[in-house]
Amino acid sequence: MSANPLRPRPFRQPLSGVLVLALGVVAGCEKSNPTPPPAVAPEAKAPAAPTEVTLLVTGGAFGQLQPSEGKGGAAELLGRWMADEKHCPGPVREGQPTCADASTLALATGDHWNGPAISSFFLGTPTAEVMGRMGYAASALGNHELAFGKEAFLKNRGAGGFPFLAANLKVKDPALAGDLSMPAFQIFERRGLKIGVVGLASEKTVRTAMPGRADGLEVTGYEEALTTAIPEARKAGADVVVVLADECVTDLQPAVAKHPEWKVALVAGGRCAQPVELKDGATSFVSLDRGFGKYLRAHVTFDPAKPAGEKLTGLDTKVVEVSGGAPDAETAQLVGKWKTQLDEVLGQQIGFSKAGIPHSSPQMAKWVAGAVRNVLGTDAAVLNSGGIRGDLPAGPVTRGSIYSVMPFENTLLVVKLKGEDLARQLANPNALVSGFTAAGKGKFKDAKGKALDPKKEYTVATVEYLYFGGDGFEFEKLAPEPTETGMAWQTPVVDWTKDQSSSDKKPLEKLLK
């Protein structure tokens with residue numbers, strides 16, 4: 001072995017045997033490989049804290065549990081959420097889903113129970129149960145939520161298992177309001193991020209409800225309600241604030257824009273004539289359609305190391321259309337159960353027609369519009385002839401045969417019109433009328449033969465489709481504060497027909513006056 005270049009060279013003189021032995025020992029040591037020190041394992045790094053949460057938001061369900069034209073449907077939507085969004089199904093208890101480390105929060109803007117017969121016939125309970133299975137955490141209070149009365153609402157709220165939020169709904173008289181007090185907001189924690197969800201009811205919620213359904217309640221202005229609710233949500237620890245509203249988001253945008261200190265991340269609502277997706281400052285505004293055909297994916301990123309209230313680092317929104325994919329089997333089974341019950345009920349005989357009633361005959365108007373007017377106790381009923389899509393066949397009359405004659409989803413409203421305004425609606429060629437008949441050009445007489453008074457106020461029953469301008473009617477413009485019955489337009493026809501106890505000897509067509 002050559003000498004170590006770092007070691008000084010030894011003197012060139014004879015070495016004693018002891019010294020040679022010593023050097024040999026040293027040389028032997030240099031030739032050996034020294035044992036390396038024990039390896040020290042690097043410190044294990046703690047896994048990075050989660051920094052993403054996804055909000056899944058839908059508009060009003062409106063009882064649309066089944067797919068329409070191959071799109072939407074509750075089972076289909078939940079299947080999509082589970083596959084694409086890693087959403088946890090099943091009821092949310094005390095704000096928490098059943099899955100550990102859940103990263104989604106399902107929310108809705110309100111108006112859920114009334115719509116197709118599969119929901120409205122059972123006063124909304126099927127939709128409440130299905131939404132519970134879908135894992136909704138909260139909803140804004142829609143003005144249709146009380147459509148079937150207080151008891152039905154409370155029952156459905158329990159079946160769904162999620163709270164309804166309404167910062168602007170106040171209890172004026174607790175004795176009358178009963179259990180209808182609503183929280184203004186709720187805090188939900190997902191992956192360490194605290195999300196403050198504030199709800200807003202439509203300003204029409206109390207004014208347009210049927211008598212007795214909203215007694216003891218009052219609705220305040222949106223800005224006034226948010227001015228109180230948002231700071232309270234922040235004080236309760238909210239890192240992110242989201243507003244759900246039974247209102248078009250463009251109506252809320254000016255108030256939110258006036259208050260940048262609120263730092264609202266998202267405002268989601270419905271009731272817009274056209275879809276809305278816009279950004280104003282730090283706030284995203286998105287409108288949503290009815291039913292389960294689309295949903296809003298709001299992807300939230302955050303920094304868990306930052307102080308409370310300052311964790312939000314980004315929010316991306318996208319409206320996703322639901323089509324294709326595997327439906328959730330449990331939800332499909334639940335919807336199927338209610339569909340079977342509906343089919344059984346609709347098959348029950350409630351009357352008898354010996355000759356049948358042709359869909360374009362005067363008897364059809366007397367039967368359908370007359371039943372609506374009779375049950376609601378109005379001066380007139382104005383429906384549309386295009387809504388009648390079939391004859392009533394001779395033989396037993398069932399609930400199902402009525403739904404076949406009147407297949408569309410329509411809810412009844414009651415409005416008050418001056419006679420001169422009512423006359424224009426009666427003159428619409430699409431009108432199917434009860435309570436008035438023509439008495440010359442532009443003139444009409446009531447059921448007692450008395451001429452329509454241009455200055456008198458009349459009560460008129462109609463359907464949502466016509467109220468909002470369908471077939472050229474002007475109800476919304478003439479009566480902006482309708483009374484919402486929450487009643488499907490088939491219901492009075494079913495009830496009236498059943499009450500007549502028609503039979504082979506006393507057929508239905510002979511009972512029409």
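Numbering of residues begins at 1 and proceeds along the displayed sequence. All of these numbers come straight from a predicted model, not from anything done at the bench.
For the atom pair CG of L146 and CG of L141, the computed distance is 6.0 Å after rounding to the nearest 0.5 Å. How far OG1 of T459 is from CG of L422: 9.5 Å, rounded to the nearest 0.5 Å. Here the straight-line distance linking atom OG of S401 with atom CD1 of I357 works out to 10.0 Å at 0.5 Å rounding. Note that CZ of R213 and OG1 of T205 are 13.5 Å apart. Values are rounded to the nearest 0.5 Å. To the nearest 0.5 Å, atom OG1 of residue T109 and atom CG of residue L244 are 7.5 Å apart. To the nearest 0.5 angstrom, L417 atom CG is 11.0 Å from Y458 atom OH.
Heavy atoms of other residues, nucleotides or ligands lying less than 6.0 angstrom from NZ of K318 number 12 at most. Counting heavy-atom neighbours within 6.0 Å of E261 CD, excluding the residue itself, gives a total above 12. The environment of CD in E151 is sparse: at most 12 heavy-atom neighbours from other residues, nucleotides or ligands sit within 6.0 Å. Atom NZ of K150 sits in a crowded spot, with more than 12 heavy atoms from other residues, nucleotides or ligands closer than 6.0 Å. Enclosure of atom CD in Q341 by more than 12 non-hydrogen atoms of other residues, nucleotides or ligands within 6.0 angstrom is indicated. Heavy-atom contacts from other residues, nucleotides or ligands closer than 6.0 Å to NZ of K170 number more than 12. Annotation for K510: atom NZ does not count as buried by contact number, only 12 or fewer foreign heavy atoms lying within 6.0 Å.
No side-chain heavy atom of E474 sits under 4.5 Å from any side-chain heavy atom of D421. V256 has its side chain out of reach of V243: every pair of non-hydrogen atoms, C-beta onward, lies at least 4.5 Å apart. Within the 4.5 Å cutoff, the side chain of F121 has heavy atoms near those of the L342 side chain. A 4.5 Å side-chain heavy-atom check between M487 and P492 finds at least one atom pair inside the cut-off. In this structure, F352 and V397 have side chains that are not in contact, with every pair of non-hydrogen atoms separated by 4.5 Å or more. L165 is not listed as a side-chain neighbour of M182, based on a closest heavy-atom distance of 4.5 Å or more. Side-chain contact check for V241 versus V198: some heavy-atom pair is nearer than 4.5 Å. Side-chain contact between V267 and V286 is absent, with no heavy-atom pair separated by less than 4.5 Å.
Between the side chains of T127 and S119, at least one donor N or O lies within less than 3.5 Å of an accepting N or O. No side-chain N or O of Y403 forms a donor-acceptor pair with one of T398 less than 3.5 Å apart. Using modelled atom types and a 3.5 Å distance limit, the side chains of N156 and T125 yield a donor-acceptor pair.
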Dump the intermediate steps for side-chain contact (heavy atoms from CB on, under 4.5 Å) on L55 and V242, then the final yes or no.
-> CA-CA 10 Å; L55 310 182; V242 173; 3.7 Å; yes

Take I388 and M406 through the test side-chain contact (heavy atoms from CB on, under 4.5 Å) and record every step on the way to the result.
-> CA-CA 5 Å; I388 307 301; M406 309 164 64; 4.1 Å; yes

What's the verdict on side-chain contact (heavy atoms from CB on, under 4.5 Å) for I350 and R399, showing C-alpha distance, side-chain angles and the deciding distance?
-> CA-CA 7 Å; I350 58 173; R399 296 175 187 267; 4.2 Å; yes

Please assess W338 against L65 for the test side-chain contact (heavy atoms from CB on, under 4.5 Å), listing each intermediate value before the final yes or no.
-> CA-CA 10 Å; W338 284 107; L65 304 180; 5.8 Å; no

Check against salt bridge (Lys or Arg N to Asp or Glu O under 4.0 Å), E129 and K337 | CA-CA 11 Å; E129 290 186 1; K337 178 196 78 171; 3.5 Å; yes

Please step through side chain to side chain donor-acceptor pair (under 3.5 Å) for the pair E484 and N143, ending with a clear verdict.
-> CA-CA 9 Å; E484 302 191 21; N143 68 300; 2.8 Å; yes

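Ring planes of F62 and H144: perpendicular class, angle over 60° (limits at 30 and 60°). Note on ring orientation: taking the six-membered ring where Trp is involved, the planes of Y295 and W81 are perpendicular (angle over 60°, cut-offs 30° and 60°). Classified by interplanar angle (parallel below 30°, tilted 30° to 60°, perpendicular above 60°), the ring pair F164/W113 is perpendicular.
In this structure, the ring-ring contact (aromatic ring centres under 6.0 Å, His included) partners of H259, at least two apart in sequence or on a different chain, are W262. The ring-ring contact (aromatic ring centres under 6.0 Å, His included) search around F285 returns none, not counting sequence neighbours.
The closest donor-acceptor contact from the side chain of D280 to the backbone of T283 lies at 3.5 Å or more, if one exists at all. The backbone N or O of V276 lies less than 3.5 Å from a partner atom in the side chain of S287, making a donor-acceptor pair. Counting only distance, with no hydrogens or angles, the side chain of K506 and the backbone of Q500 share a donor-acceptor pair below 3.5 Å. A donor-acceptor contact shorter than 3.5 Å links the side chain of T462 to the backbone of V382. Of the possible donor and acceptor atoms, one in the side chain of R373 sits under 3.5 Å from a partner among the backbone N and O of D379. Under the 3.5 Å distance criterion, the side-chain polar atoms of E145 are matched with a main-chain donor or acceptor of G142. Proximity of a side-chain donor or acceptor of T227 to a complementary backbone N or O of E223 within less than 3.5 Å is detected. Of the possible donor and acceptor atoms, none in the side chain of S353 sits under 3.5 Å from a partner among the backbone N and O of A394. Under a 3.5 Å cut-off, the side chain of D446 and the backbone N or O of K448 do form a donor-acceptor pair. In this structure, the side chain of R297 does not engage the main chain of V57 through any donor-acceptor pair within 3.5 Å.
Using a cutoff of 4.0 Å between basic side-chain nitrogens and carboxylate oxygens, K204 and E247 are not scored as salt-bridged. In summary, E464 and R290 engage in a salt bridge, as defined by a charged side-chain N under 4.0 Å from a carboxylate O. Between E509 and K354 there is no salt bridge, since no side-chain N of the basic residue sits under 4.0 Å from a carboxylate O of the acidic one.
Heavy atoms only, all atoms of each residue included: V197 and L105 are closest at CG2-CD2, 4.2 Å. Of all heavy-atom pairs spanning R157 and D179, the tightest one is NH2-O, 3.5 Å. Considering every non-hydrogen atom in both L466 and G470, the closest pair reads CD2-O, 3.6 Å. Annotation for Q349 and G351: closest pair NE2-O, 3.1 Å, computed over non-hydrogen atoms.
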Distance-only criterion, 3.5 Å: show the donor-acceptor pairs between side-chain atoms of residues 427-440 and protein atoms not counting sequence neighbours.
residue, atom, partner, partner atom, Å
N428, OD1, N430, N, 2.8
N428, OD1, N430, ND2, 3.2
N428, ND2, D471, O, 2.9

